[in-house]
*Asks:* 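Sharing a structure, written as structure tokens. Questions coming.
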Amino acid sequence: MAVAALAVVALGLLRAAGDHASCDGPCPAEPTGPDGTLVNDRFSFLHRDMGPEGSITVRLTSMTGTITYPPPHHDRIVPGLVPWAKVGIIVKDGVRPGSSYAALMSTGGHGVRMQYDYRHDIAGGGGVVDGAPRWLRLTRSGDTVTGHESADGTRWTKVGAVRLPGLPGTVQVGLFAASPGDLTLRRTGLGGATEEVRWTQAGGTFDRIALRGAAAGGWRDDAVGERNRTDWEKNERASGAVEENGTITVTGAGDIGPRGAEDGARPVEHALGGLFPALLVVLVISVRYATAGHRTGPADGAPVTRSRLAAKAVVLAAVTFATGLLALGIVVPAGATILKGNGIPVLGVSVLTGTRVVVGTAGALALAAVLALALGSLLRRSWLAILVAVLTIAVPYAVASVPLLPDGAAQWLLRVTPAAGFAVRQTLVEHPQVVAHYAPSAGYFPLPWWAGVTVLCAYTAVLLCLALRRLSRSGEGAGRPVDRE
């Protein structure tokens, strides 16, 4: 067990220490949202001041976009919009990345949406299509922002009303454009996939802009975050706002939304690189612990009975849990600290979630140990029980963690095998408004953590019950010889 603990700590810290970030000069601070979590907040913003009461109404007449070097040949820059390209109107607490906001937008492939404070998304109607513009309106009343949409500027439909606590008296209101990267998958291994992301840009043309409650003065063209650093923006089409003949075109790149591992951040479970070798050690120990008692002539002369096997299960679970808890309690916070020191952003989690990762993963190791113990008692041959334990627990966990198998096959392995229990280590969250590779190889288990633990518990309980039923209560006939290999 000391070897297992050492594997968790040493390999986890080594993995964290191997990740570094570098910047041209000091790395900028990573933006955090109102709730303190890492967010993406980079877009073009044409804005003005607005007081506690007011509104902005616009007609969005068209959306255009650019995608750089898409598959299959990666040799051209093509026109097009990614599904979550965003063009519309926004009310925001200044231009600081990470500040509170509410936005009403047309997207590249998901129609009209109202989004606010990065994590929240409300579906509206259809978006802008050729020859069919869309009217958008945001109304502010204190801390409440309400979004409406219309096809003709006369009949309006409410999309949503949201509250932004602590919104200051003066906010920034205006037009914006953003476009996240174009995500595609490249096949590898036996059907697995790795992610490829290309830079994109989106633009929207607005007219019939009406403001109420805005301060006197003109529009200001700013970037939230950075812009115009790519060759395309420098040489072909700069991001920003252009006014011509009564219309305004705003062009931008980037995204407004929650941040995930696909954006270069690391989850806290990134430090669990040593979990697989530790699991192998635990399975071997557990099987040997079970089969040793079934060999002819035990050292203490006592046969294996139900009570002795149950006692072994309790001891093994307790020792494995305590060892895992100690190792995980060291490597998870230490790994996050090392990553941050190396300039790698770490996705924050609550104290409750962090505790669940440490305690739950230690519990999953303990359950896997008891399951292997039951297999050893049932099969009574070390080599066979170890093989079965590794193939049903360790192998599914390992092959699903790398881009080897097709995503569907990897997801099924983590649904129907005991390896499902290690979903307890996941902290990544799927966001419908964020395009990502939501697959096991990217860190996303198909079952919620509690359901995965339930699957592992069920396997462990069934096999342990079968092993106990096979033994006598008094030990009669229980010491039959077994293969020592």
Side-chain angles (χ1 to χ4, degrees), residues 1-5 8 275 278-329 358-394 397 416-422 424 450 452-485:
M1 286 301 178
V3 173
V8 170
L275 187 59
L279 176 61
L280 290 177
V281 173
V282 166
L283 295 178
V284 173
I285 290 172
S286 303
V287 168
R288 300 289 292 181
Y289 189 42
T291 58
H294 289 287
R295 295 170 186 162
T296 302
D300 59 2
V304 178
T305 63
R306 293 179 185 178
S307 60
R308 284 178 63 83
L309 182 61
K312 281 191 172 189
V314 172
V315 170
L316 181 63
V319 172
T320 306
F321 179 76
T323 304
L325 191 64
L326 176 63
L328 293 163
V358 173
V359 177
T361 305
L365 280 173
L367 287 168
V370 175
L371 191 155
L373 178 83
L375 282 172
S377 182
L378 281 169
L379 300 176
R380 306 207 177 173
R381 287 176 173 78
S382 296
W383 67 268
L384 181 58
I386 290 173
L387 180 63
V388 173
V390 169
L391 289 177
T392 57
I393 305 173
Y397 174 77
V416 302
T417 68
F422 290 95
V424 73
W450 56 267
V453 171
T454 301
V455 172
L456 178 56
C457 285
Y459 273 103
T460 304
V462 169
L463 289 174
L464 186 59
C465 286
L466 291 175
L468 291 171
R469 287 188 61 183
R470 185 179 181 185
L471 297 173
S472 67
R473 294 181 181 178
S474 62
E476 181 181 351
R480 290 172 294 179
V482 298
D483 186 351
R484 294 174 179 267
E485 296 301 323

*Asks:* Enter the distance from L387:CG to S382:OG here, rounded to the nearest 0.5 Å.
*Replies:*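 The CG atom of L387 sits 12.0 Å away from the OG atom of S382.
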*Asks:* What verdict does the side-chain contact (heavy atoms from CB on, under 4.5 Å) test give for V359 and F321, after you've listed the backbone C-alpha separation in whole Å, the side-chain angles of each residue and the deciding distance to 0.1 Å?
*Replies:* CA-CA 8 Å; V359 177; F321 179 76; 4.0 Å; yes
*Asks:* Might you work through the side-chain contact (heavy atoms from CB on, under 4.5 Å) test for M1 and V282, ending with a clear yes or no?
*Replies:* CA-CA 7 Å; M1 286 301 178; V282 166; 4.1 Å; yes
*Asks:* How far apart are the closest heavy atoms of L456 and A364, and which atoms are they?
*Replies:*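 For L456 versus A364, the nearest heavy atoms are CD2-O, 3.7 Å.
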*Asks:* Determine whether L367 and L371 make a side-chain contact, defined as any pair of heavy atoms from C-beta on separated by less than 4.5 Å.
*Replies:*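 No, too far: nothing below the 4.5 Å cut-off.
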*Asks:* Can you give me the closest heavy-atom contact between L316 and A369, atom names plus distance?
*Replies:*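 For L316 versus A369, the nearest heavy atoms are CD2-O, 3.4 Å.
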*Asks:* Quick one: are V284 and L280 in side-chain contact, heavy atoms under 4.5 Å?
*Replies:*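 No, their side chains stay 4.5 Å or more apart.
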*Asks:* What residue among V455, V453, T460 forms side-chain contact (heavy atoms from CB on, under 4.5 Å) with C457?
*Replies:*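 For C457, the side-chain contact (heavy atoms from CB on, under 4.5 Å) check succeeds only for V453.
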*Asks:* Using a 3.5 Å distance criterion without hydrogens, assess whether the side chain of R380 forms a donor-acceptor pair with backbone atoms of S377.
*Replies:*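 Yes; at least one donor-acceptor contact below 3.5 Å.
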*Asks:* List the steps, then state whether side-chain contact (heavy atoms from CB on, under 4.5 Å) holds for L373 with L309.
*Replies:* CA-CA 9 Å; L373 178 83; L309 182 61; 4.1 Å; yes
*Asks:* Might you point out which heavy atoms bring V424 and T361 nearest each other, and give the distance in Å?
*Replies:*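 Answer, listing the atom of V424 first, then T361: CG1-N, 3.6 Å.
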*Asks:* I would like to know whether T392 and T417 meet side-chain contact (heavy atoms from CB on, under 4.5 Å); could you show each step before the answer?
*Replies:* CA-CA 6 Å; T392 57; T417 68; 5.6 Å; no
*Asks:* Side-chain contact test, heavy atoms from C-beta onward, threshold under 4.5 Å: evaluate it for L275 versus L365 and give yes or no.
*Replies:*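 The answer is yes, as the side chains (C-beta and beyond) meet within the 4.5 Å cut-off.
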*Asks:* Please find the pair of heavy atoms, one from A362 and one from L328, that lie closest to each other, and give the distance.
*Replies:*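 Distance-wise, the nearest heavy atoms are N-CD1, 3.4 Å.
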*Asks:* Y289 side chain to A313 main-chain N or O, any donor-acceptor pair under 3.5 Å?
*Replies:*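 Looks like no, no N/O pair under 3.5 Å.
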*Asks:* To the nearest 0.5 Å, what is the distance between CG (L464) and CG (L378)?
*Replies:*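 Those atoms lie 9.0 Å apart.
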*Asks:* List the atom of L279, the atom of A394, and the distance in Å for their closest heavy-atom pair.
*Replies:*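 Of all heavy-atom pairs spanning L279 and A394, the closest is CD2-CA, 3.8 Å.
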*Asks:* Just so I know, are the side chains of I386 and L283 near enough to count as touching, which here means a heavy-atom distance under 4.5 Å?
*Replies:*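 I386 does not reach L283 side chain to side chain.
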*Asks:* Could you tell me which non-hydrogen atom of G376 sits nearest to which non-hydrogen atom of A385, and how far apart they are?
*Replies:*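 Smallest interatomic distance, heavy atoms only, reads CA-CB, 3.7 Å.
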